[in-house]
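Written below as structure tokens is the structure these notes are about.
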Amino acid sequence: ILSSSQSVSQSVRQSSKILNKKTKIKQKIILFFLFMEESSIQDLIIIGGGVVGLAIVRAATLQGYKCTLIEAEPHLLSHASGSNSGIICTGFDAAPGTLERALIRESNSLFRIHCRDLGISLRPCGSLVCTWPWDHHRRDDSDDEDDDNHDHDHCNELKRDNNTSNPISDSVPDPLYTIFEECHLAGDTHTSMLTSSQVLQLEPNLSDQCLGAVHIPGEIVVDPWLFAISLGVHARENGARILTSFEFDPSSSYQQDNVWNVVEKIPQNECARLPRRLRGKVIVNAAGLWADVIQKRQQFVTDDIPSKSETNNWQRIHRVWTSKPRRGQYRIYSPRRNSAMTHPIQPVPTQRTKGIFVFSSIYNHIVVGPTALDQYSKTDRTIDPIVARELDDYARRIIPGLDPETDFVAEYVGIRPGTDHRDYQIHVYPEQQWMTVAGIRSTGLTASLGIGNYVVRCLKSILDDNSRLEGEWKVKTTPLPSLRTMVLDYHHRKGEVEIHGHVYKVTHPLTKIGWNFLAKELEGI
């Protein structure tokens with residue numbers, strides 16, 4: 001018995017030694033990769049995994065720069081980019097001479113090519129800017145985007161006077177002439193004016209109260225999540241790194257010897273582990289709703305940074321804008337024969353908002369929204385039941401055959417990263433090797449390709465040509481898996497899909513609803 005117990009003890013000691021050796025080997029491997037990650041200097045570190053951040057990391061990577069994107073959330077496209085409309089606009093309502101209009105137009109010229117190369121379906125249907133008997137009240141009540149008074153009714157666009165008669169006797173109302181001219185000035189020379197009868201020929205299920213419309217053929221409907229995630233997929237295929245659950249820590253990150261040392265902010269429930277660290281020549285702040293939090297200089301002053309007087313460049317990075325989150329609520333319905341539609345229906349835009357749209361998603365669901373309410377919170381996405389009823393009424397007024405109670409499928413709220421300026425806020429700080437991309441508002445999906453290219457052009461004033469990969473640089477472009485393959489994979493993975501070796505969570509309601517519907521058709525469930 002004694003001999004047996006001694007042998008057992010000896011075996012236990014030998015096993016523990018083997019386990020300790022394995023543990024030490026694992027620790028060494030982890031430390032090696034951490035060292036390699038920290039010692040490797042990236043040309044560019046992008047903060048923010050929304051559609052803008054993904055467009056930037058793709059554009060820079062395709063130009064041969066070594067790039068890493070960090071996203072605080074566990075999944076990409078978790079905030080504003082996961083709750084937009086999926087309509088690619090032409091930017092006719094963006095003010096002439098603004099950066100927004102220029103980048104929208106540049107993006108428009110690239111959008112179809114990208115979708116073709118990546119195998120992304122789209123509907124190039126154009127949109128109809130319609131006028132209604134109640135429209136002149138809406139235009140009179142509109143206010144400027146820069147107005148400091150935010151006590152707006154969140155559904156100003158939904159209010160109308162049922163007793164109002166049409167003050168315009170012409171076949172096409174006057175406001176449409178302004179839209180028509182703006183479209184032509186913006187370059188949409190194929191835009192056309194339509195009378196009410198012509199509108200009903202295009203959209204028979206539309207209300208006959210429509211007074212006329214401008215048809216803008218260049219506008220496109222696309223899957224908003226699939227297009228946005230394709231930017232990250234393409235960037236990764238060409239060598240970019242994308243790290244999720246990596247929150248930028250302003251108080252610990254610093255610049256030294258022309259290199260930014262980026263430190264991860266450790267969550268309170270994971271305080272036992274070491275933070276991940278990155279090193280990069282230039283930082284691009286594309287954090288969307290949180291760009292102003294990162295930019296606030298008072299949050300970056302710390303005594304723990306070595307050589308504070310030389311390395312703390314936060315004090316010289318100033319904000320020239322103020323963040324103003326804007327809330328938009330949507331309702332989604334199943335289409336029927338007497339409510340189906342093709343063209344997005346939008347009102348005449350005001351200086352403050354593009355207004356409430358009624359449109360068909362790429363998967364043919366009828367959508368109404370968004371509303372526009374300035375709010376302080378960047379995370380409050382609770383559904384307002386009063387707004388929901390008003391959206392139902394508005395959708396039924398535009399499409400009388402729609403039954404909001406019977407046809408209702410889902411609803412969601414998105415928060416757009418607005419600022420106190422109407423134009424995009426893209427600023428370069430060469431001395432600090434820092435760039436800010438903020439205030440992209442509701443046109444981020446539309447302008448994303450143009451924004452990515454513009455940021456790369458600006459970065460060339462900071463990064464020298466030696467930063468780019470040497471030798472022949474050939475861009476790799478592999479189409480995404482077929483929609484059928486992705487939908488079935490999404491169904492079996494319960495909300496996630498694998499694309500080229502990486503698994504992504506589908507975050508957008510329009511994509512999830514569309515794919516759930518397609519999965520039922522494909523599998524008969």
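Computation of the quantities below employed the complete heavy-atom set of this structure, encompassing side-chain atoms and omitting hydrogens, waters and symmetry-equivalent molecules.
- When atom types are taken as modelled, the side chain of D188 and the backbone of H184 share no donor-acceptor pair closer than 3.5 angstrom.
- Side chain of D93 to main chain of V348: no donor-acceptor pair is present (N/O by atom type, distance under 3.5 Å, no hydrogens or angles).
- Aromatic ring centres of H215 and H190 lie farther apart than the 6.0 Å criterion allows.
- The heavy-atom pair separating P347 from V129 by the smallest distance is O-CG1, 3.6 Å.
- Side chain of T322 to main chain of D420: no donor-acceptor pair is present (N/O by atom type, distance under 3.5 Å, no hydrogens or angles).
- Shortest non-hydrogen contact noted between L445 and S448 is O-OG, 3.0 Å.
- Of the charged side-chain nitrogens involved, at least one lies within less than 4.0 Å of a carboxylate oxygen, so that R493 and E498 count as a salt-bridged pair.
- Using a 4.5 Å cut-off on side-chain heavy atoms (C-beta onward), Q329 and L391 make contact.
- Between H79 and W290, a ring centre-to-centre spacing shorter than 6.0 Å is recorded.
- The line from CZ of F227 to CD1 of I220 is 9.5 Å long, rounded to the nearest 0.5 Å.
- A side-chain N or O of T443 and one of Y424 form a donor-acceptor pair less than 3.5 Å apart.
- A side-chain donor-acceptor contact under 3.5 Å links N84 and H508.
- Here the side chain of S107 pairs no donor or acceptor atom with the backbone of I104 at under 3.5 angstrom.
- Using a distance-only test at 3.5 Å, with no hydrogens or angles considered, no donor-acceptor pair links the side chain of Q63 to the main chain of Y65.
- A distance of 11.0 Å separates CG of L103 from CG of N108, quoted to the nearest 0.5 Å.
- Of the possible polar contacts, one joining the R101 side chain to the F92 backbone as a donor-acceptor pair under 3.5 Å is found.
- For the residue pair W434 and T436, a side-chain donor N or O sits within less than 3.5 Å of a side-chain acceptor on the partner.
- Heavy-atom minimum distance, S377 versus I415: O-CD1, 4.2 Å.
- With respect to the salt-bridge test (charged N to carboxylate O, under 4.0 angstrom), the residues R326 and D374 qualify.
- Side-chain atoms of Q255 and Q433 form a donor-acceptor pair, as typed in the model, at a separation below 3.5 Å.
- Judged by distance alone, with hydrogens and angles left aside, the side-chain atoms of D249 form no donor-acceptor pair with the main-chain N or O of V263 at under 3.5 Å.
- I426 CD1 to D423 CG: the interatomic distance, rounded to the nearest 0.5 Å, is 8.0 Å.
- Atom-to-atom distance recorded for L99:CG and E106:CD is 9.5 Å, nearest 0.5 angstrom.
- Across all their heavy atoms, A60 and C67 have their closest contact at CB-SG, 3.5 Å.
- We find that E100 and R105 are not joined by a salt bridge, their nearest charged nitrogen and carboxylate oxygen being 4.0 Å or further apart.
- Checked by atom type and distance alone, the side chain of R336 pairs as donor or acceptor with a backbone atom of G401 at under 3.5 Å.
- In this structure, a donor-acceptor pair under 3.5 Å is absent between the side chains of T478 and H500.
- Looking at Q198, its side chain does come within 3.5 Å of a backbone N or O of T195 through a donor-acceptor pair.
- Between Q425 and T419, the side chains place no donor N or O within less than 3.5 Å of an acceptor N or O (distance only, hydrogens not considered).
- Listed here is the closest heavy atom pair of G218 and T90: C-CG2, 3.8 Å.
- K66 and I41 get closest at one heavy-atom pair: NZ-O, 3.5 Å.
- A 4.5 Å side-chain heavy-atom check between D380 and R327 finds at least one atom pair inside the cut-off.
- Here the CZ atom belonging to F359 is positioned 9.0 Å from the CE atom belonging to M341, to the nearest 0.5 angstrom.
- Counting only heavy atoms from C-beta outward, the side chains of I88 and E219 never approach each other to under 4.5 Å.
- Side-chain polar atoms of H75 and T244 form no donor-acceptor pair below 3.5 angstrom.
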Item to check | Pair V413-S83, side-chain contact (heavy atoms from CB on, under 4.5 Å): steps then yes or no | outcome: CA-CA 7 Å; V413 171; S83 54; over 6 Å; no
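- Using modelled atom types, one finds no donor on one side chain facing an acceptor on the other under 3.5 Å when comparing N453 with R58.
- For the pair S81 (side chain) and V51 (backbone), a donor-acceptor distance under 3.5 Å is present.
- Defined by atom type and a distance below 3.5 Å, a donor-acceptor pair is missing between the side-chain atoms of S339 and N205.
- Partner of V487 under the side chain to side chain contact (heavy atoms under 4.5 Å, CB included) criterion, chosen from L483, D489, T485: L483.
- No hydrogens or angles considered: nothing links the side chains of W225 and Y504 as a donor-acceptor pair under 3.5 Å.
- One finds a salt bridge joining K378 and D292 here, because a Lys/Arg side-chain nitrogen approaches an Asp/Glu carboxylate oxygen to under 4.0 Å.
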Next on the checklist: Go through it in stages, so that I can follow the logic: the residues are V475 and H234, the test is side-chain contact (heavy atoms from CB on, under 4.5 Å), and I'd like the CA-CA distance, side-chain angles, deciding distance and then a yes or no.
Outcome noted: CA-CA 9 Å; V475 174; H234 200 199; 4.0 Å; yes
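- The CG atom of L206 sits 5.0 Å away from atom CD1 of I345, with the distance rounded to the nearest 0.5 Å.
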Next on the checklist: What verdict does the side chain to side chain donor-acceptor pair (under 3.5 Å) test give for T477 and D117, after you've listed the backbone C-alpha separation in whole Å, the side-chain angles of each residue and the deciding distance to 0.1 Å?
Outcome noted: CA-CA 7 Å; T477 303; D117 293 345; 5.6 Å; no
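- Proximity of L76 to I242: side-chain heavy atoms (C-beta onward) are separated by under 4.5 Å at one or more points.
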Item to check | Stepwise side-chain contact (heavy atoms from CB on, under 4.5 Å) test for L243 and E71 | outcome: CA-CA 6 Å; L243 306 177; E71 164 57 44; over 6 Å; no
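- By the 4.5 Å heavy-atom criterion applied to side chains, T191 and V214 are counted as neighbours.
- Salt-bridge formation is detected for the pair R331/E411: a Lys NZ or Arg NE/NH1/NH2 atom is positioned less than 4.0 Å from an Asp or Glu carboxylate oxygen.
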Item to check | side-chain contact (heavy atoms from CB on, under 4.5 Å) between L510 and Y412, worked out | outcome: CA-CA 9 Å; L510 293 179; Y412 66 97; 3.6 Å; yes
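- Counting heavy atoms from C-beta on, the side chains of T511 and P224 come closer than 4.5 Å.
- N238 and T61 form no side-chain donor-acceptor contact under 3.5 Å, judged by distance and modelled atom types alone.
- The aromatic ring centres of H365 and F517 sit less than 6.0 Å apart.
- With contacts defined as side-chain heavy-atom distances shorter than 4.5 Å, the pair W321/H427 qualifies.
- Side chains of I366 and I332 form no contact here, defined as non-hydrogen atoms less than 4.5 Å apart.
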